[in-house]
Amino acid sequence: MDRRKALRSIGTGIGAIAVTPAVVSLFQSCQSVATYTPVFISENDFKIVSNLMEMIIPKTDIPGAIELKLPEFVDAYIDAVWDEKRKTDFKEAWTAFISSSNKAAGKENAGDLSTADWDAQLAKYLKPGNDVPADEILASQFVNQLRSLTVNAFKTNEFIGEEVLAYAPIPGEQKGCVDLMEATGGKAWSL
Amino acid sequence: MGASAGSDDFKDKYYTGRRNNGIYIPRFRNIGGETNQKDFTRGYGYQGGGGRSDWTKQIAEMAYGAAFKEATLKPGDWQIGLSGFGEILPYQDNKMTLDYNKLDKWGLPTVTFDATLKENELNMRKDMQQQAVEMLENAGFRDVKGHDGDYAIGLGIHEMGTARMGRDRKTSVLNENNQLHDVPNVYVTDGSAMTSAGNVNPSLTYMALTARAANHAVEELKKMNI
Ligand SMILES: Cc1cc2nc3c(=O)[nH]c(=O)nc-3n(C[C@H](O)[C@H](O)[C@H](O)COP(=O)(O)OP(=O)(O)OC[C@H]3O[C@@H](n4cnc5c(N)ncnc54)[C@H](O)[C@@H]3O)c2cc1C
């Protein structure tokens, strides 16, 4: 993305966001597509993370995580915005998740896990009512955090925000209680 | 300090213009008769609001995948929150001092705050939470939770004082016209003039005090007093 254009659209679109150095470097880290090289997550891990995110937000009639470049966003976001402690904690939880996944699938290498193996891991940690064993708490935290990051990236994605969710950049009249279907056709407001 | 809750009602209702509306509940403690409290003096008000931004509950069941994705695009259930804004009494020993032994990078003395909540505030906080919980429960909300933000002075948004106004130059910095007792051509007209917080939002009071002080300064200048 053209950084200048990005900054200009921040300026006019969401006046409330201060353009801090972290935000600037976030946009600087928006690289031009196809050849994206992850900055925080390692290249190998990035493939796995991308696939996990696609399982959380899969392609339907609306594009999924990979098509929307949510993994790229999450990678650049963590790199530019999180402090060292959060980064270290995230890596530690990731390592725990990978070793728990290898163990569950009976494999040595995370690259060998199948979609079904990953799906079982997501189900174990995300479906309600499953008791997480004490030694898998970190792994479970990783998955929950990845889900939050994915949903936040999804909901703040430009295409989703402007074309899919109900979008009213200039909010107009304030009405405290209106019919949901009439107001937005059942969608959440984007802003 | 306050409480929050959810609701299963009004799923077909929404709002336009960024949010439905704010809530303000004026002070109802220690205003006479039955409202008078045994274990604290003065009072608090609540500020809060409702909204449908939380997606966590409705999609917990779906966990991840296509149905989950669909649910994230819909408004969440209604939620409501109330936060208490209470008065901190004007304790003489809650103060700030300048530390000339520890200068900042521009060579100015750094500020040391020495201020704590005391018994009156701590008792008031208990009541703040309890009343908020009761109000939301009686109004029919579900999952009512009291919350305690573990407040220390400085974490709120209406802190004030330090260059207090007062009649006695030994116990206050400013006189009744916002002038320094000791240097009458210096006026301090911001929130630092306050002795105590009251419990309402402070900005309008600061503006009124400032207008009054500016008027005083003009009059004094005309009389060649400053
Ligand atoms: C999130 C939030 C929401 C709020 N909402 C409301 C509300 O709805 N209604 C309401 O009435 N009040 C509200 N308040 C409170 C209100 O904003 C403040 O009480 C008020 O702005 C304080 O005004 P002031 O002039 O005393 O201090 P400030 O506005 O804080 O001004 C102090 C100024 O001094 C400057 N400064 C500091 N050190 C130095 C230095 N060494 N040299 C030079 N300059 C310096 C600072 O940069 C700052 O500009 C809110 C506060 C917050 C934080």
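First the proteins, then the strands, lettered A, B, ... as listed; each starts at 1. Because only heavy atoms are used, hydrogens play no part in the values below, and waters and symmetry mates are left out as well, while side chains stay in. The structure presented is a predicted model; accordingly, all values stated were derived computationally and were not measured.
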Where does [X] contact chain B at under 4.5 Å (heavy atoms): side chain, backbone, both or neither?
| X | answer |
| --- | --- |
| A:I62 | both |
| A:A123 | both |
| A:Y125 | neither |
| A:L122 | both |
| A:S190 | neither |

Would you find a donor on one side and an acceptor on the other, under 3.5 Å apart, between the side chain of [X] and the backbone of [Y]?
| X | Y | value |
| --- | --- | --- |
| A:Q174 | B:R19 | yes |
| A:W189 | B:Y14 | no |
| B:Y64 | A:D119 | yes |

[X] and [Y]: which non-hydrogen atoms are nearest, and at how many Å?
| X | Y | value |
| --- | --- | --- |
| B:N20 | A:G176 | CB-O, 3.4 Å |
| A:P58 | B:A66 | CG-N, 3.5 Å |
| A:K155 | B:T72 | NZ-O, 3.0 Å |
| A:G186 | B:P75 | O-CD, 3.3 Å |

Exercise for the section: Sort out for me which of B:E70, B:R18, B:K13 touches chain A most, counting heavy-atom pairs under 4.5 Å. Expected result: B:R18

Exercise for the section: Select, from A:A166, A:G172, A:P128, A:A168, the one with the greatest count of heavy-atom pairs under 4.5 Å involving chain B. Expected result: A:P128

Fill in the blank from the handout: In terms of heavy-atom pairs under 4.5 Å with chain B, the winner among A:M55, A:K127, A:E54 is A:M55

Handout entry: Identified side-chain contact (heavy atoms from CB on, under 4.5 Å) partner of B:K69 from the options A:V151, A:T150, A:I56, A:I57
Key = A:I57

Taking atom [atom1] of [X] as the centre, does the number of heavy atoms from other residues, nucleotides or ligands within less than 6.0 Å exceed 12?
| X | atom1 | value |
| --- | --- | --- |
| A:K87 | NZ | yes |
| A:K59 | NZ | yes |
| B:F10 | CZ | no |

